[in-house]
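Read through the structure below, which is laid out as structure tokens, and then see the notes.
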Protein chains: 2
Amino acid sequence: MPRPSPVTDEVRRLFETQERHAWSIDELLTSVRSSLGAADYSSVFRAVSLFEREGVLDRIDLGDGRARFEVRDDHHEHIRCERCGRVEEVPVCVLDDASAQVHNLTGFKVTSHRVVFGGLCRECGA
Amino acid sequence: MPRPSPVTDEVRRLFETQERHAWSIDELLTSVRSSLGAADYSSVFRAVSLFEREGVLDRIDLGDGRARFEVRDDHHEHIRCERCGRVEEVPVCVLDDASAQVHNLTGFKVTSHRVVFGGLCRECGA
DNA sequence: CTACGTGCAAAGGTTTTGCAACATT
DNA sequence: AATGTTGCAAAACCTTTGCACGTAG
């Protein structure tokens, strides 16, 4: 039986139950603190690092200077509001057949891609 | 007549004459030092910041933790070797007509996008 | 003398790690 | 007693800024 690990458990629970996408460590920490009362940044960091090592989470970089984590599932892209920073999921992969073209153009063996759209969300665009 | 500004001039010269894409500040600094003998990181930083403000350079983020700069020109995507970090240009935009689809799917007003392919360059893939 | 470019050093922000304390097995 | 989880603090890494110096106008 594993030892109690409230912080790690709460981080896991957040990813399992919440609909949120692309959690930053700070966002996770805020949520964990509201549940547990207290927690340290490094503990949350170690939790997501563990899950990333286990292959449960993917680390993504949206270009806003902070790492974000989300459950590893079907590939998709992201869209981030350039005004408020809100991040949502683009539920399709628009590049599935572009890789061959990229290979032809560059000679690289394409193994991954990462797309981030920028824009204004419904609230900010109004 | 402007004052002498060897560092700024040399950074400008690198962008004007070199074929390299997506310079990081450290890469610029190394190159400037090999030409001028000595230069400071902050001077190179201020040069690229100036050029970015002037609209001559674009800052891009390839997800490797360092800012990169390149001459503002026709929009294109990037591909980065996941092993050696080499960055090359993908001389097409594979997303020109995907924005409307993204808008329909998310409701965001799409104003930009950023694509980074990952892969293995010809040397590393062998 | 004034203004600008530069170097130096330090501040900021985020990620990462070392270490000791603590609790559970 | 041993081990794993956590908190605290500091290191590490990159970007950014404050300040003083030196030089050209």
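Below, read A as the first sequence line, B as the second, and so on, with proteins coming before strands; counting in each chain starts at 1.
In the set D:dG7, C:dG5, C:dC8, the nucleotide with an atom closest to the side chain of B:Asp40 is C:dC8.
Rounded to an integer number of Å, the gap from B:Asp61 CG to D:dT15 C1' is 13 Å. In this structure, A:Leu29 atom CG and D:dC8 atom C1' are separated by 14 Å, rounded to whole Å. Straight-line distance from the CZ atom of B:Phe45 to the P atom of C:dA9: 19 Å, rounded to whole Å. In this structure, B:Arg12 places its CZ atom 12 Å from C1' of C:dG5, rounding to the nearest Å. If you take CD of A:Glu27 and P of C:dT14, they are 12 Å apart, rounded to a whole angstrom. For B:Tyr41 and D:dC13, the OH to C1' distance is 9 Å, given to the nearest whole Å. The interatomic distance linking A:Arg53 (CZ) with C:dT16 (C1') rounds to 12 Å, in whole Å. The CD1 atom of B:Ile60 sits 13 Å away from the P atom of D:dT15 (whole-angstrom rounding).
For A:Arg66 against C:dG12, a side-chain-to-base donor-acceptor contact under 3.5 Å is absent. Contact of A:Arg46 with D:dG4 (side chain to base): no donor-acceptor pair of N or O atoms is detected under 3.5 Å.
Tested against B:Arg68, the residues B:Val48, B:Asp61, B:Leu62 include a single side-chain contact (heavy atoms from CB on, under 4.5 Å) partner, B:Leu62.
Toward the 5' end of DNA chain D, the nearer of the two residues A:Ala39 and B:Arg68, judged by each one's closest nucleotide, is A:Ala39.
Two residues are said to be in side-chain contact when any heavy atoms from C-beta on lie closer than 4.5 Å; B:Ser35 and B:Arg13 meet this criterion. For the pair B:Val11/B:Trp23, no side-chain contact is recorded, criterion being any heavy-atom separation below 4.5 Å from C-beta on.
A donor-acceptor pair under 3.5 Å links the side-chain atoms of A:Ser49 to the main chain of A:Phe45, judged by distance alone.
Note on B:Ser49: nothing from the nucleic acid sits closer than 4.0 angstrom, heavy atoms only.
Taking a cutoff of 4.0 Å between a charged side-chain nitrogen and a carboxylate oxygen, A:Glu52 and A:Arg72 do not qualify as a salt bridge.
Look at A:Ser43 and you won't find any side-chain N or O under 4.0 angstrom from OP1 or OP2 of D:dT5. A:Ser42 has no side-chain polar atom (N or O) that falls below the 4.0 Å cut-off from OP1 or OP2 of C:dT16. Distances shown here put a side-chain N or O of A:Arg59 below 4.0 Å from the OP1 or OP2 atom of C:dT16.
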